[in-house]
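Working notes, structure below.
Labels below follow one simple rule: chain letters A, B, ... track the order of the sequence lines, proteins then strands, and each chain is numbered from 1.
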Number of protein chains: 2
Amino acid sequence: MKKDISIVDVAEEAGVSIATVSNVINQKGRVSEKTRKKILQIIDNLGYTPNLTARNLKTRRSDLIGMVIPVMKPGRMQDNPFYWDLLAGVEEGARDRRFHIILMGIDEATETFSFVKERQLDGLIVVGTNEGSQVIERLNKLNIPIVFVDSYLASDEYYQVCLEDRYGSYCATKYLIELGHSKIAILTGEVPEDQLPNYGVLHERWLGYKDALAEAGIAYDSQMIIQLPTSLEGGYRSVDRILQLTDVTAVFSFSDVGAMGVLKRMKELGKKVPEEYSVIGFDNLFISNYTSPTLTTVAQDIVQKGKAAVTMLLDQIDGNHIPQRKVSLSVDVVERETTGPCKW
Amino acid sequence: MKKDISIVDVAEEAGVSIATVSNVINQKGRVSEKTRKKILQIIDNLGYTPNLTARNLKTRRSDLIGMVIPVMKPGRMQDNPFYWDLLAGVEEGARDRRFHIILMGIDEATETFSFVKERQLDGLIVVGTNEGSQVIERLNKLNIPIVFVDSYLASDEYYQVCLEDRYGSYCATKYLIELGHSKIAILTGEVPEDQLPNYGVLHERWLGYKDALAEAGIAYDSQMIIQLPTSLEGGYRSVDRILQLTDVTAVFSFSDVGAMGVLKRMKELGKKVPEEYSVIGFDNLFISNYTSPTLTTVAQDIVQKGKAAVTMLLDQIDGNHIPQRKVSLSVDVVERETTGPCKW
DNA sequence: TTGAAAGCGCTACCAT
DNA sequence: ATGGTAGCGCTTTCAA
């Protein structure tokens, strides 16, 4: 197997020093147009590709960012299309700026992030961690640019991309209330109520829910909180619990996948949506417009969220000015077929 | 900002040479237990992390693999949960073997794969390319371990992970035929019929469809092929075309997302599934069990596919014995609610 | 405008 | 069992 072509080969072929070759590769100027042309030509002929590993060793810049996503029980990444959309945005944004991305599923409890130093990552996008999580402290020690997505960290030192979660949740709830619903079950995810404040996104949405209730003068009832995983399965299983509650007429799932689970189980049990129960989700997955009935939901632009995060990260890395460290993307209730007037 | 701790610091602190430190890091043995312990202790104290970039420069091994996925029009990765499941499998398998993965969306027409040499990638997982594609030749030049997923390359030199596409398609079609259907429209994706042989997966499935028809003595009718994108939108749009065809009673979509699009449009037009039309998909996305009605489909284990691919790749990289270069994973018709007896 | 050379952090060979 | 050192491919300073 023949050795790779290095900068030395190019220099020899061109009869110049490697320093000069380096200068043309890196467009430093200070090379005569003539030799520049010649070297470029030779690079092309030889099919030379600079070795980023070597460059990185010297410059301490890898043009590589990490995207970390929490994994579930057996070490598998979460089965929610949300992440794919987010990743699509990040990937696209990174590609535009000639960065590459390393994707990693992490176990928050044990991850040390040693790969960040090992790989000399220039930055990190961290998805869905929370105030008080063990990872925050470890991440701080890394001392590299980080953008947190959906994480709600209190300190305004952190760069964050979030969503108008509270407002979106408020709108969803208000929307249901205006339809006449007052007993509204919520699927918050698998978190005990007293732990909610530690789960930023869920907490915000919970607050939004309470905001709307309060505004309408409806008493908050913690029985309405269903604590099951944010997943199809979780949504599915939640229905049996909801039916044990009295007079519930609407369900607000903090995720679209959860809402889809609800729809399935409702249908199995012969419960009519939206005639008997209204269901609203959160996310507006592209698939949510294709369920039957189509899902009313709080829409966010997930791909845009990924792009916003990576843009903020790369700007940070490149030392560009960043107007604000915390960005909150807007939401929008999309009215479809799973919601309707309260039956009573 | 303080400089990172290097092997030199560890060596100094321990009063040994860097060679010895290197030996303990790489578990080469030939170090006395006593010094080994000591060095390990110091590494821990100092919080030293080896610099993989430097190691890589020396060893020419990056412990990094690439996963490349074709992008759509505006440079966005395809909006199909399939890829996320596949990625989940790859990521999990890579993590188990301490490899990291770089994910890249590529434009097949222009991609040169220069990043492979630049980053010294140890291997590549290539998804959904095809015989005769421009990328094959370029990939060959790379001269690194590659595993092709869903690619159907003729030469048995290539390492490939595929599916029993033809058989799965045969089973799906046969299943419909046994229900009494004979006019079965198929959604192949956006490929002209005469180009099908160049699209491995689609071609195989097309062949399987024809196999079943032939077996049942049903004439093949190329009008039954609907050429629209493999997507929710494509499936949705296909319905209007299908309805122009005479006597069609069943639709076989080569993807679940396509089938979901069909379901939506059918419902909008008041067409009953499965009473008037049977619909069957392909993939068994986790979401397909949550549509309404739930989707009959040809099931494949996508996560397992990703794992199989990465395992084969890493075995190749590590020089392990690989029993066979081409693996075909099995499929399985999952009968749900979108299919039923032919109305006539 | 160009070149010589140091050195990034590490591994691996060869000595001791 | 341990150490000295060349060198991986590149960037960067300094000198010419």
Indicate whether OP1 or OP2 belonging to dT2(C) is found under 4.0 Å from a side-chain N or O atom of Thr35(A). yes
With a 4.5 Å heavy-atom cut-off, do Thr53(B) and Leu57(B) have their side chains touching? no
Think Ser32(B) has a side-chain N or O under 4.0 angstrom from the OP1 or OP2 of dT2(D)? yes
If each of Leu57(A) and Ile18(B) is mapped to the nucleotide of DNA chain D with the nearest heavy atom, which maps nearer the 5' terminus, i.e. the 5' end? Ile18(B)
By the 4.0 Å heavy-atom rule, please label Arg30(A) as base, sugar-phosphate, or nothing. base
Using a strict 4.0 Å threshold on nitrogen-to-oxygen distance, state whether Arg55(B) and Asp63(B) make a salt bridge. no
May I ask you to say what Asn23(B) touches in the nucleic acid, namely base, sugar-phosphate or nothing, with a heavy-atom cut-off under 4.0 Å? nothing
How far does CG of Leu87(A) sit from CD1 of Ile302(A), to the nearest 0.5 angstrom? 12.0 Å
Just to be sure I understand the rule, does Lys28(A) reach a base, reach only the sugar-phosphate, or reach nothing, if contact means heavy atoms closer than 4.0 Å? sugar-phosphate
When the ring planes of Phe148(B) and Tyr158(B) are compared, do they come out parallel, tilted or perpendicular, using 30° and 60° as the limits? perpendicular
Applying a 4.0 Å non-hydrogen cut-off, can you work out what Asn26(A) is touching in the nucleic acid: base, sugar-phosphate, or nothing? sugar-phosphate
Taking only side-chain N and O atoms of Ser22(A), does any of them lie within less than 4.0 angstrom of OP1 or OP2 on dC10(D)? no
I want to check one thing: is the phosphate of dA12(C), taken as OP1 and OP2, less than 4.0 Å away from some side-chain N or O of Lys58(B)? no
How is Gly29(B) classified with respect to the nucleic acid when contacts are heavy atoms under 4.0 Å: base, sugar-phosphate, or nothing? nothing
